[in-house]
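What follows is a short report on a single structure.
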Amino acid sequence: MQIPSETDAAGLIDRLVTKQLPGGRGLEAWSSLLRAHATLLRRLETDLEKETGLALADFDVLAQLALAGGELRMTELADRALISRSGMTRRVARLVHEGLVRRANADADARGVVVRLTETGMARLIETAPVHARGISELFVARLDDEELAILEKALNKVIVDCNFG
């Protein structure tokens with residue numbers, strides 16, 4: 001296969017996209033969703049880490065555990081936190097090392113692993129939650145009115161797909 005020039009590649013991509021999205025319907029909305037997601041997460045991550053020293057993904061793990069009553073099986077935690085199971089294993093190992101969570105066998109035959117929030121982890125979550133909530137408020141909620149928020153929630157709920165990160 002011959003690699004097209006930049007001009008030819010742009011035209012080829014445009015034709016391939018147009019074939020699947022006639023007239024480019026929805027492409028601008030999709031692009032806006034991706035840009036909003038990426039920029040909001042980057043900013044939330046940067047602000048949280050700068051103000052508290054905690055990574056956003058670590059905060060999410062602690063928050064998911066707290067929302068679940070303090071513990072979850074590793075597989076369920078990975079699904080809720082929306083990261084891969086292997087990524088979760090590494091993240092939990094680091095959080096265990098920091099004393100924020102504990103790992104324990106869930107079954108008598110040791111097949112399952114449960115992750116539990118520690119008192120130190122809960123204290124860290126209580127310290128960082130207001131910073132994260134303030135970021136959500138300033139960067140997202142304050143920029144939309146109630147009607148826009150309701151429309152956005154309804155629209156996004158229609159496109160949520162069931163997926164587990166492996």
Side-chain angles (χ1 to χ4, degrees), residues 26 28-166:
E28 287 300 317
W30 175 250
S31 180
S32 292
L33 173 66
L34 292 179
R35 283 193 320 274
H37 177 265
T39 57
L40 286 170
L41 283 183
R42 270 188 244 134
R43 181 73 183 275
L44 289 168
E45 169 79 34
T46 300
D47 291 352
L48 188 69
E49 196 149 3
K50 184 171 87 176
E51 290 188 46
T52 70
L54 190 69
L56 183 58
D58 292 344
F59 171 84
D60 188 34
V61 168
L62 300 179
Q64 293 303 328
L65 290 169
L67 291 170
E71 71 177 41
L72 284 168
R73 292 179 73 91
M74 181 74 91
T75 54
E76 189 173 357
L77 179 57
D79 289 344
R80 287 183 183 206
L82 303 177
I83 64 174
S84 70
R85 287 192 174 95
S86 63
M88 182 59 73
T89 299
R90 289 186 300 274
R91 184 163 303 282
V92 166
R94 198 169 28 66
L95 293 173
V96 166
H97 179 73
E98 294 175 17
L100 302 178
V101 301
R102 276 191 317 267
R103 289 171 55 119
N105 291 334
D107 305 321
D109 61 3
R111 285 185 296 169
V113 174
V114 171
V115 180
R116 290 190 178 100
L117 190 60
T118 64
E119 285 184 30
T120 303
M122 181 55 99
R124 194 79 164 100
L125 181 60
I126 290 167
E127 169 193 334
T128 56
V131 174
H132 183 60
R134 184 178 66 241
I136 293 169
S137 176
E138 292 172 359
L139 298 170
F140 181 72
V141 176
R143 296 174 187 217
L144 302 169
D145 63 34
D146 290 344
E147 183 180 1
E148 290 169 324
L149 288 168
I151 290 168
L152 184 59
E153 179 183 2
K154 183 178 178 182
L156 292 174
N157 280 335
K158 288 181 177 182
V159 297
I160 293 173
V161 295
D162 181 27
C163 61
N164 292 313
F165 294 87

With heavy-atom distances below 4.5 Å as the criterion, would you say the side chains of [X] and [Y] are in contact?
X	Y	value
L44	L48	no
V115	L72	no
T46	R43	no
V61	M88	yes

Return the minimal non-hydrogen interatomic distance between [X] and [Y], and the atom names on each side.
X	Y	result
Q64	L77	CB-CD1, 3.9 Å
R124	G53	NH2-C, 3.6 Å
E148	R143	OE1-O, 4.2 Å
P130	I126	CD-O, 3.2 Å
M122	A66	CE-CB, 4.2 Å
T89	M74	CA-CE, 4.3 Å

Nearest 0.5 Å please: distance from the [atom1] atom of [X] over to the [atom2] atom of [Y].
X	Y	atom1	atom2	value
L54	E49	CG	CD	7.5 Å
E71	E76	CD	CD	10.5 Å
H132	E51	NE2	CD	12.5 Å
L139	T39	CG	OG1	9.0 Å
D47	I136	CG	CD1	11.5 Å
L125	D60	CG	CG	10.5 Å

Backbone N/O of A150 and side chain of E153: donor-acceptor pair under 3.5 Å: no

Side-chain donor/acceptor of S32 to backbone N/O of E28, under 3.5 Å: yes

Salt bridge R94-D58, side-chain N to carboxylate O under 4.0 Å: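 Looking at R94 and D58, the cut-off is met.
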
Charged N-O contact under 4.0 Å between R42 and E45: no

Donor-acceptor side-chain pairing of R35 and S31 below 3.5 angstrom: yes

More than 12 heavy atoms of other groups within 6.0 Å of D146 CG: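 Counting neighbours around CG of D146, 12 or fewer heavy atoms of other residues, nucleotides or ligands fall under 6.0 Å, so no.
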
